[in-house]
Protein chains: 4
Amino acid sequence: MSARSESAPTDRFVPERLVEAATRLFADKGYPATSVQEIADAAGVTKGGLYHYFKSKAELLHEVYRRLLFLQTYRLEQIATSSGSPAERLRAAAEDVVTSSANSLREVTVFFREMHHLPPTTLATVRAERRRYHERFRGLVEEGQRVGEFRPDISADLVTHSFFGAIHHMAVWYRPSGPKSVTEIGADFTELLLSSLRPVTPAT
Amino acid sequence: MSARSESAPTDRFVPERLVEAATRLFADKGYPATSVQEIADAAGVTKGGLYHYFKSKAELLHEVYRRLLFLQTYRLEQIATSSGSPAERLRAAAEDVVTSSANSLREVTVFFREMHHLPPTTLATVRAERRRYHERFRGLVEEGQRVGEFRPDISADLVTHSFFGAIHHMAVWYRPSGPKSVTEIGADFTELLLSSLRPVTPAT
Amino acid sequence: MSARSESAPTDRFVPERLVEAATRLFADKGYPATSVQEIADAAGVTKGGLYHYFKSKAELLHEVYRRLLFLQTYRLEQIATSSGSPAERLRAAAEDVVTSSANSLREVTVFFREMHHLPPTTLATVRAERRRYHERFRGLVEEGQRVGEFRPDISADLVTHSFFGAIHHMAVWYRPSGPKSVTEIGADFTELLLSSLRPVTPAT
Amino acid sequence: MSARSESAPTDRFVPERLVEAATRLFADKGYPATSVQEIADAAGVTKGGLYHYFKSKAELLHEVYRRLLFLQTYRLEQIATSSGSPAERLRAAAEDVVTSSANSLREVTVFFREMHHLPPTTLATVRAERRRYHERFRGLVEEGQRVGEFRPDISADLVTHSFFGAIHHMAVWYRPSGPKSVTEIGADFTELLLSSLRPVTPAT
DNA sequence: TATGAATGAGTTTTCATTCAT
DNA sequence: TATGAATGAAAACTCATTCAT
């Protein structure tokens with residue numbers, strides 16, 4: 001029913017191709033600098049065809065957000081509710097965020113950089129969901145602080161903001177072709193995060 | 001600070017007003033979504049007047065970068081070459097970056113978010129200077145690792161990337177009207193940075 | 001009234017619903033400002049469905065004209081050929097035009113306002129039929145003038161034009177919810193028409 | 001300062017030419033069916049130039065209304081406040097409306113036929129002014145009824161509506177090249193109007 | 001009989017920039 | 001030094017119509 005071969009823009013369904021093209025172009029040139037014509041061309045569709053599936057350019061942007069949010073929220077939820085100590089779960093969550101973000105670099109770039117171009121209502125929804133996501137992650141830090149695994153005198157909020165800032169920033173410097181693999185970078189980032197949370201007087 | 005010129009006093013501030021207006025608008029709406037007309041209006045100048053001082057919209061964007069880069073580079077240089085242990089200098093540098101970034105939130109926003117709209121040559125220059133800045137900061141980390149003040153098994157490069165990612169991300173959540181002062185946030189961020197660098201086996 | 005066909009009962013009314021929806025939308029927004037999609041939506045049909053019954057948007061407009069012309073011509077013919085003095089027949093005709101127009105306000109609006117959007121051949125037909133209608137009505141006035149019931153020194157043509165102009169204009173000010181009933185307005189209009197035709201020296 | 005020669009579209013000022021072109025095209029093809037491109041072309045200006053003077057297509061339509069309303073209101077006011085019996089003033093007003101409308105046939109056509117395409121606020125203004133105009137004219141009829149010059153049992157409101165309907169309708173049948181001059185038609189229309197208002201029992 | 005995908009030409013509007021004054 | 005008229009290219013979006021199914 002779906003893709004029988006593995007290349008050519010005519011594979012996969014049209015809306016799929018449109019979202020992919022849009023993601024790539026938005027990441028490369030920014031949302032306002034990308035024309036609907038370019039998206040249509042890149043997806044091998046006419047402009048009219050694009051508007052058959054998405055009622056505006058903004059709706060395409062929204063779709064990029066929906067997909068990333070859905071994916072990330074789902075994964076974090078899975079990890080946060082699994083068994084293991086807070087430190088273990090935070091470690092798993094951090095590694096997962098880093099690797100999945102590295103694999104969706106374009107989406108991440110668009111997410112942070114173009115957010116202010118979302119229509120107001122959509123923006124509110126997206127922000128609310130991102131806040132929930134933030135709180136979920138922060139919750140793991142707080143849990144660890146409560147049970148004594150993490151330094152309690154460092155703001156869990158700040159740690160979370162800092163961590164996601166670092167993730168977002170990956171889009172600026174990380175290149176899949178670079179010297180380190182995604183897994184290594186995930187491990188490094190996680191180590192850095194946990195390192196900053198080590199208790200001042202280690203349990204003897 | 002600049003221009004001690006000889007023309008009428010109202011004249012002297014026109015370019016200044018233009019850059020300020022442009023910074024604000026670029027931060028609020030993004031570079032491509034801001035029209036030259038809006039900038040001129042916000043600065044109380046006609047479009048023709050704007051083109052008298054800046055030969056293109058891109059040049060205005062460039063100017064925003066020049067100012068921020070100049071300022072930050074200068075301050076970091078001062079601190080890095082001052083006396084004190086690496087840890088002391090890193091602390092001072094980190095605090096300074098946080099507070100000065102918080103005070104120039106709009107410039108920082110524009111810096112990271114709109115960079116890809118710079119004309120190619122300017123972009124190359126800006127990237128080079130940012131790389132130097134990054135290396136200067138990373139150097140402080142490496143120094144501290146060499147003298148044993150910081151954990152040596154954490155990538156100095158990653159720490160630096162992470163830190164600047166966090167700074168940039170401030171523009172997303174920090175509001176001057178929020179509960180914490182700039183100084184407090186600077187202290188917190190710095191503590192977080194240094195905490196992550198604490199040696200695993202504390203100096204006995 | 002028409003179509004005693006043999007297909008499914010829901011089918012039979014689709015074209016009917018389409019013409020009604022089109023009439024309403026053309027009257028509200030004008031012919032060019034109404035999209036085929038809107039008409040289809042309003043009739044609860046898909047666009048494809050609409051094109052099954054009408055081969056173009058223009059044909060729908062044409063249909064609005066056909067119906068109104070058929071109706072009005074038929075009624076005037078009936079009245080004009082009935083018995084009674086010219087004044088009596090003119091009175092009956094006028095009352096009938098006013099009331100039937102008031103009951104088909106939307107059709108009347110479309111008739112006069114959107115006529116120039118008819119395709120050329122249709123337009124010619126419609127104009128010819130309207131001219132016949134005009135002449136039929138004017139004939140009644142002229143008859144009355146010949147037999148001395150009406151002032152002979154007033155142009156029958158002008159009276160007719162004026163009367164139909166007034167009728168058309170009803171769409172601008174008349175509202176079914178207004179203070180006067182359709183019958184009252186019909187009586188008033190008729191009185192006004194006949195009043196203007198009264199002989200200068202009343203029959204003694 | 002103004003037109004030195006009497007033809008060529010480059011004479012007169014640009015906004016003037018644009019309004020004239022718009023009036024003609026709106027009258028010929030209707031407002032929605034007229035493209036901004038056509039107006040610009042007809043006025044010998046680029047589309048950008050058009051938008052330099054009028055901020056939207058709707059504003060051009062509005063301008064057509066402003067001019068006609070201003071003109072007609074001014075003339076009626078002059079006549080209504082002049083000396084003479086109500087009948088004399090009504091006669092003067094009617095003749096003037098007919099002739100000035102005949103000389104602005106296109107404006108009149110646009111006025112009645114395209115009114116519903118005005119933006120809501122403008123529409124409200126225009127309707128209010130038209131209502132004042134209507135009331136002014138109706139006032140003359142009422143005055144004449146009060147002093148016994150006109151039949152009191154005919155609705156002054158209906159007479160006024162009817163008269164303006166007839167005027168509007170002129171655009172449908174009147175051609176400057178026709179057999180009757182504007183003045184003759186004005187006289188005929190006026191005679192018709194006054195004829196309908198003659199008292200039933202003439203003053204003996 | 002009816003659908004919905006797709007097209008391509010056309011719509012209004014914006015905008016960075018130039019230039020005569 | 002500054003203005004405002006003018007341009008021309010490009011933007012987002014709409015729409016009547018066709019057609020395979």
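Keep in mind it's a predicted model, so treat the numbers as computed, not measured. Just so we're on the same page: letters track the sequence lines, and every chain starts at 1. Side-chain atoms are counted along with the backbone in the values below, which use heavy atoms only and exclude waters and symmetry mates.
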Practice task
Please report, rounded to the nearest Å, how far the P atom of E:dC15 is from the CG atom of B:D41.
Solution key: 11 Å
Exercise for the section: Apply the side-chain contact (heavy atoms from CB on, under 4.5 Å) test between C:T34 and each candidate in C:L25, C:D28, C:L60; give the one that qualifies. Expected result: C:L25
Handout entry: Minimum-distance nucleotide (side-chain atoms of B:T46 versus E:dT1, F:dA2, E:dT3)
Key = F:dA2
Problem - Considering all heavy atoms, the nearest D:L50-D:A40 contact - result: CD1-N, 4.1 Å
Handout entry: Side-chain N,O (B:H52) to OP1/OP2 (F:dT1) below 4.0 Å
Key = yes
Problem - Within-4.5 Å side-chain heavy-atom neighbours: C:R130 and C:F112 - result: yes
Problem - Minimum side-chain heavy-atom gap B:M115-B:Y65 below 4.5 Å - result: yes
Exercise for the section: May I have the distance from D:F54 (atom CZ) to E:dT14 (atom C1'), rounded to whole angstrom? Expected result: 18 Å
Handout entry: Note, D:V172 side chain near D:T109 side chain (heavy atom, < 4.5 Å)
Key = no
Problem - Phosphate-side-chain proximity, D:Y53 and F:dA6, N/O vs OP1/OP2 below 4.0 Å - result: yes
Practice task
Taking only the side-chain heavy atoms of D:V14 (C-beta and beyond), determine which of F:dA6, F:dT1, E:dG4 contains the nearest atom.
Solution key: F:dA6
Handout entry: Footprint string (nucleotides 12-21 of chain F, 5' to 3'): B base within contact, S backbone only, - free, heavy atoms under 4.0 Å
Key = SBBSSBB---
Exercise for the section: Would you mind reading off the distance between A:L50 atom CG and E:dG8 atom P, rounded to a whole angstrom? Expected result: 15 Å
Practice task
Using a 4.5 Å cut-off on heavy atoms from C-beta on, say whether the side chain of D:T125 contacts that of D:L118.
Solution key: no
Practice task
Would you please classify the geometry between the D:F26 ring and the D:Y31 ring as parallel, tilted or perpendicular, with 30° and 60° separating the classes?
Solution key: perpendicular
Handout entry: Side chain to side chain, A:E20 and A:R24, heavy atoms closer than 4.5 Å
Key = no
Practice task
Using atom CG of A:L18 as one end and atom P of E:dA5 as the other, report the distance to the nearest whole Å.
Solution key: 13 Å
Exercise for the section: Go through the steps to decide whether D:E114 and C:R113 satisfy the test salt bridge (Lys or Arg N to Asp or Glu O under 4.0 Å), and finish with yes or no. Expected result: CA-CA 8 Å; D:E114 311 297 330; C:R113 201 183 58 194; over 6 Å; no
Exercise for the section: Rounded to 10°, tell me the angle between the two end axes of the helix from E:dA2-F:dT21 to E:dT21-F:dA2, each built from five pairs. Expected result: 10°
Problem - Whole angstrom value for the distance that separates C1' of E:dT13 from CG of D:L60 - result: 13 Å
Handout entry: Nucleotide E:dT13, atom P - distance to CD of D:E59 in whole Å
Key = 10 Å
